[in-house]
Amino acid sequence: MKLFFKIILIVFALNVKAQQYVMFSHYFYKPMVYNPAYTGTGDATSAMLINHTQWMGFKGGPQYNILTVDGNFINKNTGLGISLISDKKGITSRIGGNIFYSYKLKFNTSSHLLLGISAGAIDQTINLSNAVVENSNDPYLFSNSQRKTTFDANAGLALVIKNFEFGFAIPQIANNKLSYLSNTDARTYYTQSRHYMSTLKYKFMISKAKNISVTPLALVRYVPNTPFQYDANVNFDFKNKFWIGATYKSNYAVGANAGVTLFNRLSIGYNYDFITANVGKYAGLSHEILLNFKFIKSEKRRLREEQEKEDALLKSLSGKDLNKLIIQRLLERIEKVLDSEKPDPQEINQIIEDISAFLSSDEAANDPLQITLNQYYKSLKQPQGELSVLVKGKIIFDGNPNATDFSGIDVTITDLATKQVVANCTPSPKNGNYFIILKPGKKYFIQVQKSGYPNYTRNFSPDGSVESYEMSQEIILKK
């Protein structure tokens, strides 16, 4: 009997060690479940519930439920969250909860490092009466269930560079050991084995205008003294309203998932695993259901709160600081309007009027903000009633499309008929975009200068038209 008891516990310990941490399918939607660095990285505070059911063909097959709430409750760089879990498989059951914290270290507008930790407690119960055996009268199977509570901790990081993400996490980092004692004083141990998980992800935009993307994601799991496990996942997303995808889980299953977001708040996802391992013919249904709700403020309330913050900030400033802040806001507004797919001519005219109130004086001639503002004014200024062409362009560096240094670039437009410079602008330092308003039906010469690159020159002519319109002029600087 003592030998039988030990065999049960050994088999149980080996099986649990190989799959102590649940094999989530929706980690692509909520990576916080594996990596605390992603806490609060969504666009709003959200509450999520996942039900993971595995091997329904077996009595005591794994069932896992997790409830999470996370968001930016302090500031945009700090994420806070909580999770509650319920985990049942075989003769074991666990309940627990963790508190999550993450912090964002910004490098620039398109890259940052996320660091995260979580800590809490796990209460675990072993009940041998749930074991499936031939002799149900065995007295060892009716021994009292035993509960143990232990500290739980997880840590992780994530590097984000534009559409690329690399994550690394260590669940159960404390590596705690729980001791259990049989009726015959046979002692055995359950170790919360330290796991190592790494992810690679890249988001390909199929259509930026329509917000359609494809995202491949790879995940690798490793527990010491067990084989590596990996997942290969690809998801297609349409306007953040619908997704469909597939996952290959090494030596185990192929999963198919789909989801929909309703009213920009409620997301519903479902995953089904087609088990390819030998156990598949006996395992029965294995699937996962996701529900996520975002606590998004109404547009009216959000705008009101933003205006209240802006008013409070303006009241706290005076003189040059106030003038500088207003110019910064005006430049942000200009870029937002001109970067839209179809800029409104009336709004552009309103911007021109607003700019004219903040044109630089002689004393501020060397102020970069004032210089940029003056250049926008010269580029956008157009006599009322005249036809115009909005020339929207972007600076691209040949052989280095991800370059972010757009400083020191000068764009000059010359009227070939009069030999006069009619426009001069500096591209946005954030993304290299530039905007110029010209008259249609004329011939122009464009010249772009940047230190370290040959001058870019080209003749072009906006077509004559009976109405104002827009054209694109992409510029590639070559070494």
Peer 1: Could you go through the side chain to side chain donor-acceptor pair (under 3.5 Å) check for N72 and N77 one step at a time?
Peer 2: CA-CA 7 Å; N72 302 121; N77 293 327; over 6 Å; no
Peer 1: Could you walk me through whether K30 and D70 pass salt bridge (Lys or Arg N to Asp or Glu O under 4.0 Å), step by step?
Peer 2: CA-CA 11 Å; K30 195 75 167 182; D70 72 306; 2.6 Å; yes
Peer 1: Between E165 and Y202 (side chain of the first, backbone of the second, donor and acceptor by atom type, cut-off under 3.5 Å), is there such a pair?
Peer 2: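 No; judged by distance alone, with no hydrogens or angles, the pair does not exist.
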Peer 1: Measure centre to centre between the rings of H287 and Y270, then say whether the value is under 6.0 Å.
Peer 2: yes
Peer 1: Going through the checks in order, is the side chain to side chain donor-acceptor pair (under 3.5 Å) test met by D237 and S213?
Peer 2: CA-CA 5 Å; D237 186 274; S213 64; 4.5 Å; no
Peer 1: Strictly under 6.0 Å, is that where the ring centroids of F238 and F236 end up?
Peer 2: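 No: the rings miss the under 6.0 Å criterion.
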Peer 1: Identify the heavy atoms of G97 and L84 that sit nearest to each other, and give their distance.
Peer 2: CA-CD2, 4.1 Å
Peer 1: Would you say M56 has more than 12 foreign heavy atoms packed within less than 6.0 Å of its CE?
Peer 2: no
Peer 1: Report the C-alpha distance between F164 and K201 in whole Å, list the side-chain angles of each, state the deciding distance to 0.1 Å, and finish with yes or no for side chain to side chain contact (heavy atoms under 4.5 Å, CB included).
Peer 2: CA-CA 6 Å; F164 170 82; K201 173 182 174 182; over 6 Å; no
Peer 1: Measure across V69 and A47 and return the closest heavy-atom pair with its distance rounded to 0.1 Å.
Peer 2: CG2-CB, 4.0 Å
Peer 1: For I275 and S286, work out which heavy atoms get closest and say how close.
Peer 2: CD1-OG, 3.5 Å
Peer 1: Is it true that R221 and D231 make a salt bridge, defined as a side-chain N closer than 4.0 Å to a carboxylate O?
Peer 2: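 Looking at R221 and D231, the cut-off is met.
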Peer 1: Would you sort out whether N51 and T53 count as a side chain to side chain donor-acceptor pair (under 3.5 Å), showing the intermediate values?
Peer 2: CA-CA 6 Å; N51 169 260; T53 303; 3.1 Å; yes
Peer 1: Set out, in order, the CA-CA distance, both residues' side-chain angles and the distance that settles side chain to side chain donor-acceptor pair (under 3.5 Å) for S25 and N271, then state yes or no.
Peer 2: CA-CA 7 Å; S25 298; N271 179 87; 3.1 Å; yes
Peer 1: Does CG in L200 sit with more than 12 non-hydrogen atoms of other residues, nucleotides or ligands closer than 6.0 Å?
Peer 2: yes
Peer 1: Determine the minimum heavy-atom distance between T39 and G81, stating which atoms define it.
Peer 2: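 Smallest interatomic distance, heavy atoms only, reads CG2-N, 3.7 Å.
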Peer 1: Apply salt bridge (Lys or Arg N to Asp or Glu O under 4.0 Å) to residues K450 and D410 and explain how you reach the verdict.
Peer 2: CA-CA 7 Å; K450 178 176 173 60; D410 184 67; over 6 Å; no
Peer 1: Can you give me the closest heavy-atom contact between P36 and S102, atom names plus distance?
Peer 2: O-CB, 3.6 Å
Peer 1: Would you please indicate yes or no on a ring centroid separation below 6.0 angstrom for F168 and F166?
Peer 2: no
Peer 1: Can the ring centres of Y230 and F228 be said to be less than 6.0 Å apart?
Peer 2: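 Not under 6.0 Å, so no.
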Peer 1: Run D43 and K294 through salt bridge (Lys or Arg N to Asp or Glu O under 4.0 Å) and show every step you take.
Peer 2: CA-CA 9 Å; D43 54 3; K294 294 181 179 180; 3.0 Å; yes
Peer 1: What verdict does the salt bridge (Lys or Arg N to Asp or Glu O under 4.0 Å) test give for D273 and K249, after you've listed the backbone C-alpha separation in whole Å, the side-chain angles of each residue and the deciding distance to 0.1 Å?
Peer 2: CA-CA 9 Å; D273 281 342; K249 302 178 180 181; 2.9 Å; yes
Peer 1: List the residues meeting ring-ring contact (aromatic ring centres under 6.0 Å, His included) with F100, not counting sequence neighbours, and say none if there are none.
Peer 2: none
Peer 1: Does T78 reach the main-chain N or O of N75 with its side chain, forming a donor-acceptor pair under 3.5 Å?
Peer 2: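 Checked: no pair found.
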Peer 1: Of all the heavy-atom pairs spanning P171 and N154, show the shortest one and how long it is.
Peer 2: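 Nearest heavy atoms, P171 then N154: CA-OD1, 3.1 Å.
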Peer 1: Quick check against the 3.5 Å criterion: does S207 have a side-chain atom that pairs as donor or acceptor with the backbone of K210?
Peer 2: yes
Peer 1: On the 0 to 90° scale, with breaks at 30° and 60°, tag the F24-H52 ring pair as parallel, tilted or perpendicular.
Peer 2: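 Answer is perpendicular, since the angle exceeds 60°.
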Peer 1: With a sphere of 6.0 Å drawn around CG of N251, does it hold more than 12 non-hydrogen atoms of other residues, nucleotides or ligands?
Peer 2: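 No, CG of N251 has 12 or fewer neighbouring heavy atoms, counting only those of other groups under 6.0 Å.
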Peer 1: Okay, side chain of N35, backbone of Y38: is any donor-acceptor separation there less than 3.5 Å?
Peer 2: no
Peer 1: Tell me if a side-chain donor or acceptor on Q172 pairs with a main-chain N or O of S193 at a distance below 3.5 Å.
Peer 2: yes
